[in-house]
Amino acid sequence: LADILIIEDNPYDEELALHALRDIQTIRQVNVARDGKEALEFLFGEDDTPPPSFILLDLKLPKVDGVDVLKEIKSNLRTRKIPTIIFSSSELSTDRAICYELGANSYISKPVEFDEYVEVITQIGTYWSIYNAPVPTKTGE
């Protein structure tokens with residue numbers, strides 16, 4: 001079962017994502033961080049919370065920008081293998097290039113229409129929690 005971290009500052013987008021993911025039976029838990037600082041505290045905090053199965057990351061975040069969050073995730077031995085999907089309203093090629101350079105696993109532009117938004121989130125959740133083979137923790141697993 002997958003645990004997901006959604007890093008999203010827009011309450012409406014958060015609500016839509018949670019709505020879309022709730023019926024995917026291979027998802028155990030969805031955690032939400034509403035800014036970059038909260039996301040980093042969740043990922044690198046003192047407790048022994050296991051890392052999420054994948055991260056859905058918005059770019060335009062308060063406190064710590066999404067690009068900086070991505071840098072931290074991909075530069076840390078504990079978190080660098082976590083699939084990190086950029087889900088942003090930015091369609092700038094420079095944002096896509098930077099994110100892929102930093103190690104993002106996917107870059108998806110947020111749809112504007114409600115039904116399309118829900119469908120895209122459902123497809124992301126299904127792919128990353130069912131079809132994607134996770135990175136082995138040790139060689140040979």
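Because the structure is predicted, anything quoted here is derived from the model rather than measured.
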Closest non-hydrogen atom pair, G125 against L21: CA-CD2, 3.8 Å
field: Over all atoms of both residues, closest heavy-atom pair of N132 and P83
entry: ND2-CG, 4.4 Å
Within 6.0 Å of CD in Q29, more than 12 heavy atoms from elsewhere: yes
Would you call [X] and [Y] a side-chain contact if the rule is heavy atoms closer than 4.5 Å?
{"X": "L56", "Y": "L5", "value": "no"}
{"X": "E14", "Y": "D9", "value": "no"}
{"X": "I6", "Y": "N31", "value": "no"}
{"X": "F54", "Y": "Y127", "value": "no"}
{"X": "L57", "Y": "L70", "value": "yes"}
{"X": "L18", "Y": "V32", "value": "yes"}
{"X": "V64", "Y": "L61", "value": "no"}
{"X": "N10", "Y": "S89", "value": "no"}

Do [X] and [Y] belong together in a cluster built from hydrophobic side chains that touch within less than 4.5 Å?
{"X": "I124", "Y": "Y131", "result": "yes"}
{"X": "I73", "Y": "Y100", "result": "yes"}
{"X": "L59", "Y": "I82", "result": "yes"}
{"X": "V120", "Y": "I4", "result": "yes"}
{"X": "I98", "Y": "I7", "result": "yes"}

- request: Might you work through the salt bridge (charged side-chain N to carboxylate O under 4.0 Å, His left out) test for D65 and K60, ending with a clear yes or no?
  value: CA-CA 6 Å; D65 184 71; K60 310 304 179 199; 5.2 Å; no
Expected output: side-chain [X] to main-chain [Y] donor-acceptor under 3.5 Å:
{"X": "Y107", "Y": "S88", "answer": "no"}
{"X": "E113", "Y": "D115", "answer": "no"}
{"X": "S53", "Y": "D3", "answer": "yes"}
{"X": "R80", "Y": "E72", "answer": "no"}
{"X": "R96", "Y": "E91", "answer": "yes"}

Distance check, rounded to the nearest 0.5 Å: [X] atom [atom1] versus [Y] atom [atom2]?
{"X": "D68", "Y": "K37", "atom1": "CG", "atom2": "NZ", "value": "14.5 Å"}
{"X": "L92", "Y": "C99", "atom1": "CG", "atom2": "SG", "value": "10.5 Å"}
{"X": "H19", "Y": "F114", "atom1": "NE2", "atom2": "CZ", "value": "4.5 Å"}

Hey, are [Y] and [X] close enough side-chain-wise for a donor-acceptor pair under 3.5 Å?
{"X": "S90", "Y": "D95", "value": "yes"}
{"X": "K74", "Y": "N105", "value": "yes"}
{"X": "Q25", "Y": "D23", "value": "no"}

- prompt: Can the ring centres of Y117 and F87 be said to be less than 6.0 Å apart?
  reply: yes
- request: Show your reasoning for whether side chain to side chain contact (heavy atoms under 4.5 Å, CB included) applies to R22 and I27.
  value: CA-CA 8 Å; R22 73 173 174 218; I27 295 175; over 6 Å; no
query: K63 and R34: side chain to side chain contact (heavy atoms under 4.5 Å, CB included), yes or no, with the steps?
result: CA-CA 10 Å; K63 298 186 182 175; R34 292 173 182 89; over 6 Å; no
query: So L16 and I121, side chain to side chain contact (heavy atoms under 4.5 Å, CB included) or not? Walk me through it.
result: CA-CA 8 Å; L16 286 177; I121 290 287; over 6 Å; no
message: Please determine whether side chain to side chain contact (heavy atoms under 4.5 Å, CB included) holds for the pair L40 and V69, giving the CA-CA distance in whole Å, both sets of side-chain angles, and the decisive distance to 0.1 Å.
response: CA-CA 7 Å; L40 294 174; V69 172; 4.2 Å; yes
